[in-house]
Amino acid sequence: MSTAAAPPRPRIALTLGDPAGIGPELIAKLLSRPANTASADIVLLSDAAELKSAGEDAGTPVAYATEPADGVPLLHDRSAHRPAEPFEPRKATAAGGSWALGNLRTALDLAKRGEVDAILFAPLNKTSLHLAGMAANDELRWFEEVLEFTGFTSELNVLPGLWTARVTSHVSIAEVDAGITHENVVRAGRLLHRVLRDSGLTAPRLGVCALNPHAGENGRFGRHELDIIGPAISDLVGEGIDAKGPFPSDTIFLRAKAGDFDGVLTMYHDQGQIAMKLMGFNGGVTIAGGLPIPICTPAHGTAFEIAGGGIAHTGSIQNAFDLAVRIAGSGTPAVMS
């Protein structure tokens with residue numbers, strides 16, 4: 001009697017983020033847990049010097065192989081591309097940004113060639129990236145450029161039991177108004193609904209944020225809710241999506257926390273991020289939603305002030321790794337697209 005072959009393990013590309021921050025320490029701690037290295041085939045975009053330093057910061061050496069070995073991360077050696085300028089600890093630099101971008105670009109190349117199924121990157125520093133020449137506002141827009149992707153994208157933030165998407169993201173408050181269009185609200189709502197469905201929910205419940213105080217107070221404080229957001233919600237409902245709102249942003253997350261919604265659609269970055277980080281700062285995950293490649297990262301930053309101290313909390317990096325493994329192993333990579 002034959003037995004079915006075990007499904008292939010997910011293949012995850014890991015980058016250590018900005019070398020001046022807590023990313024290397026987080027990855028070292030992540031890889032010190034046997035359950036993690038047993039759950040996926042891991043490809044490390046790094047070099048021996050960075051891994052040695054990461055292990056010293058974390059208080060645990062990073063085991064790796066230079067040839068494929070079961071249960072041991074494979075080092076994709078990037079030492080030939082290390083900038084000549086040394087990495088200054090706890091500081092945003094062009095050298096650190098260049099190293100981080102180069103490793104991410106290589107990870108994207110591996111994914112495009114089908115050699116990995118998902119990417120997990122440790123925290124980046126946008127100042128470092130811009131010093132290194134990144135013209136895009138953020139890494140998601142940079143991913144779009146590198147992948148030549150023209151579809152709709154949105155950062156998705158995830159806590160256990162709650163996902164959020166944004167209509168606008170890394171733009172100034174002055175630019176938010178122009179980004180709140182009927183089309184953008186509908187596309188962001190569709191993306192959030194689709195990702196929640198692909199994550200296992202058969203009937204996701206979405207709550208949609210208003211933009212203005214008191215949801216506009218019937219037009220007295222602005223007409224976005226009446227003219228744009230409300231009609232967009234009606235269109236989503238017409239497509240069979242369970243979307244309700246717009247609700248004032250100072251109360252919608254109380255309802256979400258109580259379990260009324262599986263996902264919340266926010267209009268701008270801090271509208272959702274403040275709430276999510278208060279609800280679970282040490283466990284949040286950000287997903288580059290909409291791309292054809294699953295890409296996950298912790299929802300926090302590089303924490304330069306504690307880098308090298310061995311005290312970085314691993315809740316978010318662990319959740320990001322678990323989510324990358326789950327998506328990569330689901331057989332439905334369209335969860336991101």
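Considering only residues two or more places apart in sequence or on other chains, Glu175 meets the salt bridge (Lys or Arg N to Asp or Glu O under 4.0 Å) condition with none of them. The ring pair (Phe, Tyr, Trp, His ring centres under 6.0 Å) search around Phe261 returns Phe247, not counting sequence neighbours. Every residue two or more places apart in sequence or in another chain that forms a side-chain hydrogen bond (donor to acceptor under 3.5 Å, both in side chains) with Arg82 is listed here: Asp47. A search for ring pair (Phe, Tyr, Trp, His ring centres under 6.0 Å) contacts involving His313 returns nothing, not counting sequence neighbours. Every residue meeting the salt bridge (Lys or Arg N to Asp or Glu O under 4.0 Å) condition with Lys112, not counting sequence neighbours, appears here in chain and number order: Asp109. Annotation: side-chain contact (heavy atoms from CB on, under 4.5 Å) contacts of Phe152 (sequence neighbours excluded): Ser154, Asn184, Arg187, Ala188, Leu191. In this structure, Ala63 has no side-chain contact (heavy atoms from CB on, under 4.5 Å) partners at least two apart in sequence or on a different chain. Qualifying side-chain hydrogen bond (donor to acceptor under 3.5 Å, both in side chains) partners for His81, counting only residues two or more places apart in sequence or in other chains: none. Shown here are the side-chain contact (heavy atoms from CB on, under 4.5 Å) partners of Ala58, two or more places apart in sequence or in another chain: Glu25, Ala28, Lys29, Thr60. The salt bridge (Lys or Arg N to Asp or Glu O under 4.0 Å) test applied to Glu155 returns Arg141, Arg166, not counting sequence neighbours. Applying the side-chain contact (heavy atoms from CB on, under 4.5 Å) rule to Ala100 yields the partners Leu124, Leu129; only residues at least two apart in sequence or on another chain are considered.
Residues Leu206 and Lys244 have side chains not in contact (no heavy-atom distance under 4.5 Å, counting atoms from C-beta outward). Residues Leu162 and Phe253 form a side-chain contact, since some pair of their non-hydrogen atoms from C-beta on lies under 4.5 Å apart.
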Under 3.5 Å, which donor-acceptor pairs do the side chains of residues 280-307 form with other protein atoms, sequence neighbours left out?
residue : atom : partner : partner atom : Å
Thr286  : OG1  : Asn157  : ND2          : 2.7
Thr297  : OG1  : Phe121  : O            : 2.6

What do the steps show when you test Ile12 against Asp41 for side-chain contact (heavy atoms from CB on, under 4.5 Å), and what is the final call? CA-CA 6 Å; Ile12 310 296; Asp41 290 332; over 6 Å; no

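In this model, a donor atom of one side chain and an acceptor atom of the other lie less than 3.5 Å apart for Asn36 and Gln318.
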